[in-house]
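One structure is given here, and the rest of the page talks about it.
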There are 2 protein chains.
Amino acid sequence: MKTLTTGEIAKLCDVNLRTVIRWIDRGALKGFKLPGRGNNRVREEDFISFLKEYDMPVPSGFKSKEANKRILIVDDELPVATAIQRVLRHAGYDTSIATDGFRAGSMLLKESPAVMTLDLSMPGQDGFDVLAYVRATQEVASTRILVISALDETSLNKALAYGADAVLQKPFENAQLLTMIQQLLAGE
Amino acid sequence: MKTLTTGEIAKLCDVNLRTVIRWIDRGALKGFKLPGRGNNRVREEDFISFLKEYDMPVPSGFKSKEANKRILIVDDELPVATAIQRVLRHAGYDTSIATDGFRAGSMLLKESPAVMTLDLSMPGQDGFDVLAYVRATQEVASTRILVISALDETSLNKALAYGADAVLQKPFENAQLLTMIQQLLAGE
DNA sequence: GACAAATGTGACATTTATGACAACTAGTGC
DNA sequence: GCACTAGTTGTCATAAATGTCACATTTGTC
């Protein structure tokens, strides 16, 4: 469970630390106190619901943690991408498609999807490298990534090692895809 | 996330604090309220777009943030990219390098550079398509793009038609590069 | 462990929101 | 020029929120 200190919140809200403590004392922001002298901690989700309740802007690094059901589908073969999209849309998810690396990277940051499906073998684009990059990029590091690939098991394991949250080997059943997406969205 | 108080804006616009609050209440200036009694805060970027929308002068202190000097260098050949970077850094610009489409798209949105240099011929990435996409994507549409390519003049003209702000044919002189960047940063 | 960095606290200084009202700015019609 | 609107902005006093500061204490980090 990720928590925030008063100082961190102060920076995020561009406000004085003293003020954050007052918000907590007043009950506007839900938090709890450490045993020591009563240093405050605020759960990330409480902070976000606080921001939303008061119509305050959510810092970019937290957007991904909003209950966002958007799914970004990355695959250079449009027919494959639309097939995946059809299944997910049918299940009620908001989806977007990126058929090249530039669009994928751009849309990932623009939309902060909860889940990204990733084709490992895109022309001119090393899938493992994409995984490493996403995990190293703070703004989107928490995106859940489902690697979809026709490559062998060794490559899929490698993908997991590089930071994929789940892998799905082509060809696959629609039901498999849906189950995995649901699991990824459920697992916080 | 830098924010401004009503008092700061009042001074910047040489106007009464009361008036700033009215602008916000009326919705002319986008802002949000702190939990306490509803003290107002305005994000710096919202303030600047407000100034522009109403053709108000942008205070000198903000020009720097507005005229962002960051430059994103997109080229799959790292030696070429670092060569460009060296020249631009030497001239005092902040630079970043993206050697593949995914990184390029991601960093473009993450950093909102003032200028992007773009190699037209990246593996698996259609440079013209990138141009079209950037121009069609609201968040980054105003990025100035300098296309750097070894392709012939026909292709360079095509790049201009697709939305490039300037083109530079390889090989080029460092001085040429610098001049073009300066012009791009000066123009608006 | 020891050290550096961050946090909580109280008292006090500043800043801000608010309402009511005055002053100012077009614009209108005469 | 002279009212007369309607709208915006400035002024003022007051209550409330937020910022500042120094210092003791706690947490984080090697």
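Lettering of chains follows the sequences in order, A, B, ..., and the numbering in each one begins at 1.
At C/dA6, none of the side-chain N or O atoms of A/Asn39 fall inside 4.0 Å of OP1 or OP2 (strictly under the cut-off). Distances shown here put a side-chain N or O of A/Trp23 below 4.0 Å from the OP1 or OP2 atom of D/dT18.
Candidate nucleotides D/dT25, D/dG28, C/dT18 were compared by shortest atom distance to the side chain of B/Asp25, and C/dT18 ranks first.
Under the 30°/60° scheme for interplanar angles, the aromatic rings of B/Phe102 and A/Tyr133 are found to stand perpendicular.
Going from atom CD1 of B/Ile21 over to atom P of C/dA20 covers 15 Å, rounded to whole Å. The nearest whole Å value for the distance from the CG atom in A/Leu29 to the C1' atom in D/dA17 is 16 Å. Residue A/Leu34 contributes atom CG, which lies 10 Å from atom C1' of C/dT7 at whole-angstrom precision. Separating the NZ atom of B/Lys33 from the P atom of D/dA17 is a distance of 14 Å, rounded to the nearest angstrom. C/dT7 atom C1' lies 15 Å from atom CG of A/Leu4, rounded to whole Å.
A salt bridge is defined here as a Lys NZ or Arg NE, NH1 or NH2 lying under 4.0 Å from an Asp or Glu carboxylate O, and B/Arg41 with B/Asp46 fails to meet this definition. In summary, B/Lys158 and B/Asp152 do not engage in a salt bridge, as defined by a charged side-chain N under 4.0 Å from a carboxylate O. Checked for salt-bridge contact, B/Arg103 and A/Asp129 meet the test: a charged N lies under 4.0 Å from a carboxylate O. We find that A/Arg135 and A/Asp165 are joined by a salt bridge, their nearest charged nitrogen and carboxylate oxygen being less than 4.0 Å apart.
A donor-acceptor distance shorter than 3.5 angstrom exists from the side chain of B/Gln169 to the backbone of B/Leu151, with no hydrogens or angles considered. Judged by distance alone, with hydrogens and angles left aside, the side-chain atoms of A/Asp119 form no donor-acceptor pair with the main-chain N or O of A/Met122 at under 3.5 Å. In this structure, the side chain of B/Asp75 does not engage the main chain of B/Val80 through any donor-acceptor pair within 3.5 Å.
Other residues, nucleotides and ligands place more than 12 heavy atoms under 6.0 Å from the OH atom of B/Tyr93.
Taking 3.5 Å as the limit, the base of C/dT18 and the side chain of B/Arg37 contain no donor-acceptor pair of atoms between them.
Rotation axes derived from the C1' atoms of the five outermost pairs at either end of the helix from C/dG1-D/dC30 to C/dC30-D/dG1 lie 60° apart, to the nearest 10°.
Sequence order on DNA chain D of the closest nucleotides to B/Gly36 and B/Arg26 puts B/Arg26 first from the 5' end. The residue among B/Gly38 and B/Arg22 whose nearest nucleotide of DNA chain C is located toward the 5' end is B/Gly38.
Of the residues in residues 5-18 of chain B, B/Thr5, B/Thr6, B/Gly7, B/Leu17, B/Arg18 come within less than 4.0 Å of DNA chain C through at least one heavy atom, sorted by number.
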